[in-house]
Amino acid sequence: MIEPRHLRVLRAVAATGSFSAAARELGCTQPAVSQQMKALEQSSGTPLLVRTGREMRLTQAGEALVRHAAGILAGLTAAEEEVAAIAGLRAGRVRLVSFPSGSSTLVPTALAELRESFPGTRVSLVEAEPPRSVEMLRAGDCEIAVAFRYPEVQRAAGVEPAAGAGAAAGVGAGAAVDAEVPGAPAEGTAEGSWGKDDLVVRPLLSDRLVGVVPEGHRLAGAGAVGIGELAGEPWIAGCPRCRRHLVDVCEAAGFTPRIDFATDDYPAVIGLVAAGLGVAVLPELALESVRAKGTATVEVEPAVRREVVALTLPDLARVPAVAATLDRLESAARREPRP
């Protein structure tokens with residue numbers, strides 16, 4: 001019989017590439033990992049690993065078992081947590097993954113409400129941007145992912161998409177990162193979205209993007225500006241997904257932005273704008289969590305919003321601790337002031 005603890009060890013070995021590294025990740029000894037792998041191979045009736053010196057690789061059977069392990073372990077976790085929480089959420093654990101501006105705005109309010117109602121429920125938080133957070137959910141590394149995505153942008157007639165956002169957007173030589181990360185999923189791909197039946201989607205809010213300009217900028221104090229009015233400005237861009245969307249929105253308005261700086265640290269964006277080094281567009285959630293000293297915000301037209309949601313797996317959605325956390329996230333989102 002294949003035991004869950006053996007599957008966890010197999011996943012760790014597959015992820016780290018060695019018994020010793022897997023032991024460090026699992027907090028046990030290397031001999032213990034070796035013994036559990038032997039037991040799993042005996043239960044399976046076939047070798048799962050091929051050892052060549054210090055390296056090892058999965059056999060075909062090992063690869064198949066690793067593929068199924070995430071779903072099996074997620075189902076077992078759901079069963080264990082549901083049983084433990086039958087008596088009214090006196091126990092439970094939720095691993096939550098969120099993007100940074102969600103972590104500093106929605107998540108604290110939600111978790112404070114959850115702790116007040118169910119003090120026995122433990123929640124851990126790790127930060128990750130989508131699509132990485134969605135991948136973690138599907139891999140069984142968390143129970144809830146708070147994620148976002150942007151709507152598809154209709155380009156202006158005659159405007160072609162950039163061959164590579166870094167080159168076409170003119171990312172300056174001093175930019176810390178390129179605007180198009182190789183291998184990063186496009187917005188419409190399965191990895192870059194959650195439009196698949198394997199996930200439960202709880203809509204939270206629609207997060208508007210606003211323009212951020214230096215305090216003494218010619219457009220500071222303007223009620224609203226067309227994004228085309230910022231065409232000649234140097235830009236400060238955010239995370240790879242936000243950067244890609246910025247390029248799409250600008251190209252839809254008929255120009256390609258010149259990105260001089262790129263950072264996913266929102267205080268750094270504010271600091272660069274305040275120093276007069278460029279302009280930016282930031283989600284309202286991000287502006288709620290930073291001190292925007294030395295900058296002014298303006299409404300950007302046409303209005304651009306990103307969809308913020310909480311995601312989980314169907315089996316996990318029935319676990320009381322997970323359901324309660326989702327409810328508190330929805331409640332926190334309703335409290336966020338929306339224009």
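From a predicted model like this one, the values you see are computed outputs, not experimental measurements.
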Determine the minimum heavy-atom distance between [X] and [Y], stating which atoms define it.
| X | Y | answer |
| --- | --- | --- |
| E129 | P100 | OE2-CD, 3.3 Å |
| T59 | P47 | OG1-O, 2.8 Å |
| P108 | G102 | CD-O, 4.3 Å |
| F255 | G228 | CE2-CA, 3.9 Å |
| A139 | R11 | O-NH2, 2.8 Å |
| V309 | P203 | CG1-CA, 3.9 Å |

TODO: Using the side-chain contact (heavy atoms from CB on, under 4.5 Å) rule, take V212 and Y266 through it: C-alpha gap first, then chi angles, then the decisive distance, then the call.
DONE: CA-CA 11 Å; V212 185; Y266 291 127; over 6 Å; no
Interatomic spacing from [atom1] in [X] to [atom2] in [Y] - rounded to 0.5 Å:
| X | Y | atom1 | atom2 | result |
| --- | --- | --- | --- | --- |
| R306 | Y150 | CZ | OH | 5.0 Å |
| T109 | L114 | OG1 | CG | 12.5 Å |
| L10 | E63 | CG | CD | 10.5 Å |
| Q35 | M37 | CD | CE | 12.5 Å |
| E3 | L76 | CD | CG | 11.5 Å |
| L65 | H6 | CG | NE2 | 11.5 Å |

Does any N or O in the side chain of [X] come within less than 3.5 Å of the main-chain N or O of [Y], such that one atom is a donor and the other an acceptor?
| X | Y | value |
| --- | --- | --- |
| D207 | L285 | yes |
| R305 | L205 | no |
| T312 | E143 | yes |
| Q36 | V33 | no |
| T263 | D265 | yes |
| S289 | A286 | yes |
| S133 | S98 | no |
| T325 | A321 | yes |
| E41 | L48 | yes |
| R243 | G238 | yes |

- [ ] Might you work through the side-chain contact (heavy atoms from CB on, under 4.5 Å) test for S124 and R95, ending with a clear yes or no?
- [x] CA-CA 5 Å; S124 63; R95 294 170 298 170; 3.5 Å; yes
Student check: side-chain heavy atoms of [X] and [Y] closer than 4.5 Å:
| X | Y | answer |
| --- | --- | --- |
| P234 | F261 | no |
| H217 | T295 | no |
| V210 | E284 | yes |
| P214 | V279 | yes |
| V304 | V281 | no |
| V107 | L96 | yes |
| L316 | I144 | no |
| L209 | V300 | no |

Are [X] and [Y] grouped together when hydrophobic residues (ILVMFWY) are joined by side-chain heavy atoms under 4.5 angstrom apart?
| X | Y | value |
| --- | --- | --- |
| V66 | I2 | yes |
| L125 | F148 | yes |
| L73 | V134 | no |
| V126 | V94 | no |
| V200 | V97 | no |

Open item on the list: Salt bridge or not between R132 and E135? Use side-chain N to carboxylate O under 4.0 Å.
Closed with: yes
Task: R202/D327 ion pair, N-O < 4.0 Å - done: yes
Open item on the list: Listing request: all salt bridge (Lys or Arg N to Asp or Glu O under 4.0 Å) pairs with a residue in residues 105-120, at least two apart in sequence or in separate chains.
Closed with: E113-R335
TODO: Please assess E127 against S103 for the test side chain to side chain donor-acceptor pair (under 3.5 Å), listing each intermediate value before the final yes or no.
DONE: CA-CA 7 Å; E127 286 191 346; S103 298; 3.3 Å; yes
- [ ] Inspect the surroundings of CZ in R51 and state if more than 12 heavy atoms from other residues, nucleotides or ligands are less than 6.0 Å away.
- [x] yes
Open item on the list: Looking at R218, I want to see if its CZ is surrounded by more than 12 non-hydrogen atoms of other residues, nucleotides or ligands under 6.0 Å.
Closed with: yes
Open item on the list: I236 vs V273, test: side-chain contact (heavy atoms from CB on, under 4.5 Å). Steps then yes/no.
Closed with: CA-CA 8 Å; I236 298 150; V273 172; 3.6 Å; yes
Extract all donor-acceptor atom pairs below 3.5 Å that involve side chains of residues 21-29 and protein atoms in other chains or at least two apart in sequence.
from: T29; atom 1: OG1; to: A32; atom 2: N; distance (Å): 3.3

- [ ] Could you give me the CA-CA distance, side-chain angles and deciding distance for L313 and L199, then say whether side-chain contact (heavy atoms from CB on, under 4.5 Å) is met?
- [x] CA-CA 5 Å; L313 298 173; L199 298 179; 3.6 Å; yes
